[in-house]
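Written out below as structure tokens is the structure these notes cover.
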Amino acid sequence: MSEFNKITFRKSLIEWYLEEKRNLPWRETSDPYKIWVSEIMLQQTRVDTVIPYYNRFIDAFPSMEELASADEEKLLKQWEGLGYYSRARNLQAGVREVVENYNSVVPQTREEISTLKGVGPYTAGAILSIAYGRPEHAVDGNVMRVLSRVLLIKEDIAKPKTRKIFEQAVSEIIDVQDPSSFNQGLMELGAVICTPTSPKCLLCPVRENCSAFFAGEQNDLPIKTKNKKTKALHYDIYVAQNEHKQFLMEKRPETGLLANMYQFPMIEHALKEMDTILLLQERYAIHFSKEIDLGTFKHVFSHLTWEMNCFVGHAVGESQLDTCKWLTIEEIKEVPMPVPMLKIWKAYIERGN
DNA sequence: AAGTCGGGGGT
DNA sequence: ACCCCAGACTT
């Protein structure tokens, strides 16, 4: 047994981080805007997933002014496939706020930066420490896992209130000389050494300061209660083409799941008391004649599952609903679609004609 | 405090 | 299957 020593902990962690850190695109800039973009993309999203999105996004919107003036459809197209699309809208709202009311300078205090849309306790601390070198805590899932082991904290990390315990712990042990490397070191350690299962303790730079390692409890931490399972929803999806080789697509509502993303007409099985052909006439003002059965598709979200039966056919009728558009193949490439619709569209294209 | 909000990869 | 991910927002 040995007591936790914050001096050697900081030194070991930061030296390891500076020596072993991965080369990531957002680590090659000190631009607070770019750090901000990376932190929003990294919310609940793995590094390897984010890298290509980050590079394309910075290429499309190199400065806050260019993101501020972008139209939402172009913004969502950049975010397409990354998920949690309100992140993109909130990021743009926050950037507009900074451009208009902060003279295009990202705020440097937790109080001010936390007022920006989409910037919560973690992201505020991450931007302040990484971009500005401020000694602010940035507690994410990695940090809670690492510190639950290092400090043998057995609170349930699934409970919102538990995060405050870790924020307090970080505040007490953070290195004020290099808060950026300290915070990023904790997260890097969680990502590559102190992993959820099979932590690589023999390679860990702070093993000598880890209470769980000495107690042999690293595999039993962190404590986290389970989440309940997801519900399944069943839909029929219609790839409907008119005589001008255009396809009917509708824009989802501006709030809720996949807000403002485009989809093919879809009808829930729960509404099956009416004939689906009649429902298509009612809801989409078309007469649809089914010609091809594209098969079944399944898509799992965090809290629900879509099971979809997909059909291709021709549509008669000039649907002029304001939520719907007839789009050519080329135009479909320009609108933002969620992954389930991308999968269906890909299957249709690869099937030919 | 609990539910909503994507999608992918690991085990 | 289930878990987790550089979480935030709404109710």
Side-chain angles (χ1 to χ4, degrees), chain A residues 17 21-22 24-27 35-54 76 79-91 93-94 113-131 136-146 156-164 166-167 170 180 182-192 194-199 219 222 224-231 252-253 255-261 263 298-306 336-343:
Chain A
Y17 173 72
K21 65 179 178 180
R22 293 168 290 179
L24 303 174
W26 47 89
R27 287 180 176 163
I35 305 294
W36 184 3
V37 170
S38 74
E39 291 301 339
I40 299 300
M41 287 189 168
L42 285 162
Q43 290 170 3
Q44 295 292 284
T45 311
R46 294 172 188 285
V47 164
D48 290 340
T49 302
V50 168
I51 291 172
Y53 282 92
Y54 172 84
L76 287 176
W79 213 270
E80 180 185 81
L82 196 53
Y84 288 146
Y85 298 98
S86 60
R87 289 185 296 177
R89 269 185 295 273
N90 289 338
L91 172 60
I113 204 171
S114 296
T115 67
L116 301 174
K117 293 275 190 305
V119 178
Y122 163 75
T123 305
I127 297 172
L128 293 175
S129 61
I130 297 171
E136 296 282 348
H137 58 74
V139 174
D140 71 337
N142 285 311
V143 172
M144 288 199 284
R145 182 174 58 258
V146 170
D156 182 2
I157 68 168
K159 295 190 178 306
K161 151 175 122 175
T162 302
R163 197 193 66 243
K164 294 184 171 59
F166 290 93
E167 289 174 348
V170 172
S180 171
F182 183 88
N183 282 341
Q184 292 192 80
L186 279 179
M187 293 187 276
E188 189 86 355
L189 194 65
V192 305
C194 197
T195 47
T197 58
S198 313
N219 292 313
K224 186 175 188 185
T225 53
K226 309 184 197 304
N227 41 340
K228 52 179 204 175
K229 56 187 167 193
T230 63
K231 289 182 180 175
R252 292 178 63 87
T255 58
L257 181 65
L258 304 171
N260 286 347
M261 302 290 280
Q263 66 185 12
K298 180 176 172 179
H299 189 80
V300 179
F301 298 92
S302 350
H303 57 302
L304 55 92
T305 298
W306 282 3
M337 281 191 282
V339 166
M341 295 299 150
L342 291 172
K343 287 194 277 197

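Every chain is numbered from 1, with letters handed out A, B, ... down the list of sequences. We use all heavy atoms of the structure for the numbers below, so side chains are in, but hydrogens, waters and symmetry mates are not.
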Sticking with atom C1', work out how far dA6(C) lies from dG3(B), rounded to a whole angstrom.
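It works out to 23 Å between them.
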dG8(B) and dA8(C), which share atom name P, separated by this distance in whole Å
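Approximately 22 Å lies between the P atom of dA8(C) and that of dG8(B).
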Per [X] side chain, nearest of listed nucleotides [options]:
X         : options                : result
Leu257(A) : dG6(B), dC4(C), dA8(C) : dG6(B)
Arg27(A)  : dG6(B), dA6(C), dA8(C) : dA6(C)
Trp26(A)  : dA1(B), dG6(B), dA6(C) : dA6(C)
Pro160(A) : dG7(B), dA1(B), dT4(B) : dA1(B)
Tyr85(A)  : dG7(C), dA6(C), dG6(B) : dG6(B)

[X] side chain vs [Y] backbone, donor-acceptor pair below 3.5 Å:
X         : Y         : answer
Thr195(A) : Val192(A) : no
Glu136(A) : Ser129(A) : no
Arg87(A)  : Gly118(A) : no

Donor-acceptor pair under 3.5 Å, Ser302(A) side chain vs dG6(B) base:
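By the distance-only test, yes, there is a pair.
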Could you check Tyr122(A) against Glu39(A) for side chain to side chain donor-acceptor pair (under 3.5 Å), going step by step and ending with a plain yes or no?
CA-CA 9 Å; Tyr122(A) 163 75; Glu39(A) 291 301 339; 2.6 Å; yes
Contact class for [X] vs. all strands (heavy atom < 4.0 Å): base, sugar-phosphate, or nothing?
X         : result
Thr123(A) : sugar-phosphate
Arg252(A) : nothing
Leu82(A)  : base
Val50(A)  : nothing
Phe301(A) : sugar-phosphate

Just wondering, do Val170(A) and Phe182(A) contact through their side chains at under 4.5 Å, heavy atoms?
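Yes, at least one pair of side-chain atoms sits under 4.5 Å.
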So do Trp26(A) and Ile130(A) actually touch side chain to side chain, heavy atoms under 4.5 Å?
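Result no, sub-4.5 Å side-chain heavy-atom pair not found.
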5′-ward residue of the pair Lys159(A)/Met337(A) relative to DNA chain B
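Nearest nucleotide further toward 5': that of Lys159(A).
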Protein-nucleotides 8-11 of chain B N/O pairs under 3.5 Å:
from	atom 1	to	atom 2	distance (Å)
dG8(B)	N2	Arg46(A)	NH2	3.4

[X] [atom1] to [N] [atom2], straight-line distance once rounded to whole Å:
X         : N      : atom1 : atom2 : answer
Leu91(A)  : dG7(C) : CG    : P     : 16 Å
Arg163(A) : dA6(C) : CZ    : C1'   : 14 Å
Gln43(A)  : dC9(C) : CD    : P     : 8 Å
Leu42(A)  : dG6(B) : CG    : P     : 18 Å
Tyr84(A)  : dC5(B) : OH    : C1'   : 5 Å

Assigned partner base of dG6(B), Watson-Crick or wobble definition, under 3.5 Å
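The answer is none; no pair meets the criterion.
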What about the rings of Phe301(A) and His299(A), do their centers lie closer together than 6.0 Å?
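Close enough - the centres of the two rings lie under 6.0 Å apart.
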Judged by each residue's nearest nucleotide on DNA chain C, which is more toward the 5′ side, Pro222(A) or Gly118(A)?
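Taking each residue's closest nucleotide, the earlier one in sequence belongs to Pro222(A).
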Would you indicate whether Lys298(A), at its atom NZ, is surrounded by more than 12 heavy atoms from other residues, nucleotides or ligands within a distance under 6.0 Å?
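Atom NZ in Lys298(A) is not packed in, count stays at 12 or less.
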